Amino acid sequence: MTLSSKIKSIAESALTHLFPNAAIPIGSVQVSQTKPEFKGDYTIVLFPFLKLLRQKPDVLGNALGEYLVKKNNLFNAYEVVSGFLNLTVSDDFFVGFLKKEVSNQQFGAQANTHQKVMVEYSSPNTNKPLHFGHLRNIFLGFAVSEILKTTGKEVVKANLINDRGIHICKSMIAWMRYGNCSTPETTGIKGDHLVGDYYVKFNDVYKSEIKELVAQGMEEVQAEREAPIMKEAQDLLRKWEAGDKEVKKLWQTMNDWVYAGFDVSYRRLGVDFDKMYYESNTYLLGKEIVADGLKKGVLYQKEDGSVWIDLTEDGLDHKLLLRGDGTSVYITQDLGTAKLKYNYCNLDQSIYVIADEQNYHMQVLKLILSKIGEPCADGIFHLSYGMVELPTGRMKSREGTVVDADDMMDEMIALAKEQTEAAGKTDGFTQEELTRLYETIGMGALKFYLLRVDPKKKMIFNPQESIDLHGFTATFIQYAHARICSILRKENLSLKLEMTAFSNFNISEPLSSSEKKLAQMLEQYPSVLQTAAEEYNPGTLCNYVFQLAQQFNSFYDVHSISKAENEEKKQLRLMLIIITASVLCHGMNLLGISLPEKM
RNA sequence: GGUCCGGUAGCUCAGUUGGAUAGAGCAUCAGCCUUCUAAGCUGAGGGUCAUUGGUUCGAAUCCAAUCCGGAUCACCA
């Protein structure tokens, strides 16, 4: 139980004890951190009880404060300031906390709840390489998965690859026309980029063909339909669906190039998947669900044979689920895939990390499944995030205005190198260690930059301004960690300690304010994780980890650890920094960011 | 037009679910390295929390209306 909730329940029972005739509503006690300008650590707000108990703030505050301090050794002082009861938590509590957790590298992790959660993220199309927008999706999905895991969920990371459809046919036709049998091997170009180049090529040719047709007097709308390259792409798609061997073979080959490229990127990004789904296997699913819905009368059929659902009661429109010719539309396969996922291991929850442009689609998907009575409906949660835009607007892969993910990684790592060298911090490293260090700093900065903001807010990225390595960044946190490691190296201590370490420690001197503040922040880590998990928001964790590093830096500035005033203080501070390092490391790892021991 | 999301310091963002004088980072300015890593620390300036009204002891937070920006509402995916 966290300190804050402990205080809550203690105060609640204290109030019922002091005022036996009044019914104190459960959960009505508000506990918050005391503002730095006042004395104390935690604050109870008295206002909600004044009317109920017919008490004046000062009287109630003093009565409650006195009772709490007297009856409970958790507190050793209190102060009432205009309706707020500020409580000072005893040093013993914090020291007890430090002794208990100093050898626990898993501090913050919760016991397994046996709830099964699938997190689908990344889910790329196979016609182009990953771009900056995908990175937000990927980092979010990975971080949320890890946060859920550490709070006791069993997580299946899933990737649903959109490997079929007109988009890949566009790359295929452009390659057939202009590729000259080039391959990643013959060109030395990474597979996903090579296929992406032909996607761009397709659009260039498409545009010029339209222009030509318009010049010949055709309407633009018609020209868009009639352009030869487009017709050829559509023809390829038809052949693919008919199972044409040659087409399938090329399709497989080009997709394999892309997968090889993605694998390199995923590995570099440090993310992984437990379950891969391919749309070429799932795109025909969902028809039985539609048939079932028709039988149940939830869906209706028009004269032309098309199947619809009426969602007007829910403030939405009529939605098509099957075409007149009986073929699926986009949402049909999603109905089937939702069920497929659910049946994979009896999911309690199925999370979709998808951009907010699909809010409506996801809302409709969940609603339809629930109306048809599919049990998978309840667990569906759309983790919707805002798109990453450039100052000039949305990124368009068709127009080549995307910030490429691989390029971005290269740039960040180059920036890390540049700034490390500029700061003259390369001494004592081997070349190999430096390479790894730049990777750690660059990738950390990139991930943190994308994870620190609330997922649902859209973000604008300006490629002209490089991502900072100062202030609210991963680098800042990595630096704090490296400082701690440096101290521990000199003290011949490891972050991994025996259970018995520090078990004989006792204090005789009061904690300084920055020692206490640091301990207090560390104690809050589990509840931060809980909040981040409940809100599916890694940003909460970013904020916390940054504030912790900040608090450590202030602490570090005022207190020497190695040359502490006495042995007691030294031991105390060692415990503090060991847990700090452990929490920083644990928290950042959940975000997919690693921390160097030296930088 | 319907639905949904957003609007907080010059810029990028927090704001513990309704609590004290609204906080960080960047940028600007002023200090701090003979002492465990200055990628750091301390301080200053910078605010009509989009606007207006309401709810109450108390509102950036809840409600209503308005303004601005975005997404979406296909027999596309």
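The figures that follow rest on heavy atoms only: side chains count, while hydrogens, waters and symmetry mates do not. These numbers come from a predicted model, not from an experiment.
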Considering only [options], which nucleotide approaches the side chain of [X] most closely?
X         : options                   : value
Ser560(A) : rG40(B), rC36(B), rA14(B) : rC36(B)
Asp557(A) : rU8(B), rC41(B), rC36(B)  : rC41(B)
Lys456(A) : rG6(B), rC41(B), rU35(B)  : rG6(B)
Asn553(A) : rC36(B), rU8(B), rG40(B)  : rG40(B)
Phe476(A) : rC13(B), rU42(B), rG40(B) : rG40(B)

For residues 305-313 of chain A, which side-chain N or O atoms pair as donor and acceptor with protein atoms under 3.5 Å away, sequence neighbours left out?
from: Ser306(A); atom 1: OG; to: Asp304(A); atom 2: OD1; distance (Å): 2.7
from: Ser306(A); atom 1: OG; to: Trp308(A); atom 2: NE1; distance (Å): 2.9
from: Asp310(A); atom 1: OD1; to: Thr312(A); atom 2: N; distance (Å): 2.9
from: Asp310(A); atom 1: OD1; to: Thr312(A); atom 2: OG1; distance (Å): 2.5
from: Asp310(A); atom 1: OD2; to: Thr312(A); atom 2: OG1; distance (Å): 3.4

*Would you kindly check whether a donor in the side chain of Thr43(A) faces an acceptor in the base of rA20(B), or vice versa, at under 3.5 angstrom?*
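It does, because a donor-acceptor pair links the side chain of Thr43(A) to the base of rA20(B) below 3.5 Å.
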
Taking [atom1] in [X] as the centre, count heavy atoms belonging to other residues, nucleotides or ligands within less than 6.0 Å. Is the count above 12?
X         : atom1 : value
Glu597(A) : CD    : no
Glu567(A) : CD    : yes
Lys56(A)  : NZ    : no

*Ring-on-base stacking rA20(B) with Phe84(A) (under 5.5 Å, under 30°)*: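 Check passed, Phe84(A) stacks on base of rA20(B).
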
Using atom [atom1] of [X] as one end and atom [atom2] of [N] as the other, report the distance to the nearest whole Å.
X         : N       : atom1 : atom2 : result
Gln551(A) : rU42(B) : CD    : C1'   : 14 Å
Leu437(A) : rU37(B) : CG    : P     : 16 Å
Leu85(A)  : rG19(B) : CG    : P     : 17 Å
Phe461(A) : rC13(B) : CZ    : P     : 12 Å

Is [X] touching bases, backbone alone, or none of the nucleic acid, heavy atoms closer than 4.0 Å?
X         : answer
Ser4(A)   : nothing
Glu535(A) : base
Thr540(A) : nothing
Asn86(A)  : base
His382(A) : nothing
Lys563(A) : sugar-phosphate
Met599(A) : base

*Not counting sequence neighbours, which residues clear side chain to side chain donor-acceptor pair (under 3.5 Å) with Thr327(A)? List them please.*
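Counting only residues at least two positions away or on another chain, Thr327(A) forms a side chain to side chain donor-acceptor pair (under 3.5 Å) with Arg323(A), Asp325(A).
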
*With sequence neighbours excluded, tell me which residues meet side chain to side chain donor-acceptor pair (under 3.5 Å) with Asp468(A).*
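Partners of Asp468(A) by the side chain to side chain donor-acceptor pair (under 3.5 Å) criterion come out as none, since no residue qualifies.
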
Could you list the donor-acceptor pairs under 3.5 angstrom formed between side-chain atoms of residues 42-55 of chain A and any protein atom two or more places apart in sequence or on another chain?
from: Tyr42(A); atom 1: OH; to: Gln524(A); atom 2: NE2; distance (Å): 3.0
from: Thr43(A); atom 1: OG1; to: Thr34(A); atom 2: OG1; distance (Å): 2.7
from: Thr43(A); atom 1: OG1; to: Asn86(A); atom 2: OD1; distance (Å): 2.7

*Can you pull the side chain to side chain donor-acceptor pair (under 3.5 Å) pairs that have at least one residue in residues 531-552 of chain A, sequence neighbours excluded?*
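Residue pairs with at least one partner in residues 531-552 of chain A: Gln349(A)-Tyr536(A).
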
_Can you pull out every side chain to side chain donor-acceptor pair (under 3.5 Å) where at least one residue sits in residues 471-485 of chain A? Sequence neighbours excluded, please._
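Non-adjacent pairs meeting side chain to side chain donor-acceptor pair (under 3.5 Å): Arg483(A)-Asn553(A).
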
*Do the two ring centres, one from Tyr283(A) and one from Trp240(A), sit under 6.0 Å apart?*
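When the ring centroids of Tyr283(A) and Trp240(A) are compared, they turn out to be within the sub-6.0 Å range.
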
*When every nucleotide of nucleotides 67-77 of chain B is labelled 5' to 3' by its protein contacts under 4.0 Å (heavy atoms), B for base, S for sugar-phosphate only, - for none, what sequence of letters results?*
---SSSS-BSB

_Base contacts versus sugar-phosphate-only contacts with protein, heavy atoms under 4.0 Å: please encode nucleotides 21-33 of chain B as B, S and - from 5' to 3'._
---SSS-------

*asked:* Would you call the rings of Phe555(A) and Phe552(A) parallel, tilted or perpendicular, taking 30° and 60° as the class edges?
replied: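 Tilted: the ring planes of Phe555(A) and Phe552(A) meet at 30° to 60°.
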
*From CA spacing to verdict: side chain to side chain contact (heavy atoms under 4.5 Å, CB included), Phe139(A), Leu446(A)*: CA-CA 10 Å; Phe139(A) 295 151; Leu446(A) 182 59; 4.2 Å; yes

*Could you classify rU17(B) for me, syn or anti, using a glycosidic angle within 90° of 0 as syn?*
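rU17(B): syn.
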
*Kindly state which residues belonging to residues 45-52 of chain A come within less than 4.0 angstrom of RNA chain B, counting heavy atoms of the residue only, listed by number.*
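Correct list: Val45(A), Phe47(A), Pro48(A), Lys51(A).
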
Contacts under 3.5 angstrom, residues 413-423 of chain A side chains, donor-acceptor by atom type, not counting sequence neighbours:
from: Lys417(A); atom 1: NZ; to: Glu421(A); atom 2: OE2; distance (Å): 3.1
from: Thr420(A); atom 1: OG1; to: Ala416(A); atom 2: O; distance (Å): 2.6

*When Watson-Crick pairs (N1 to N3 and N6-O4 or O6-N4) and G-U wobble pairs (N1-O2 and O6-N3) count only below 3.5 Å on both distances, what is the dot-bracket string of RNA chain B, with | for other-strand pairs?*
(((((((..((((.....[...)))).(((((.......))))).....(((((..]....))))))))))))....

*asked:* Please determine whether a side-chain nitrogen or oxygen atom of Ser554(A) lies at a distance below 4.0 Å from atom OP1 or OP2 of rU42(B).
replied: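 So the side-chain polar atoms of Ser554(A) do come within 4.0 Å of the phosphate oxygens OP1 or OP2 of rU42(B), strictly under.
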
Result block: side-chain N/O donor-acceptor pairs under 3.5 angstrom for residues 449-461 of chain A, not counting sequence neighbours:
from: Arg452(A); atom 1: NH1; to: Phe472(A); atom 2: O; distance (Å): 2.7
from: Asp454(A); atom 1: OD1; to: Lys456(A); atom 2: N; distance (Å): 3.1

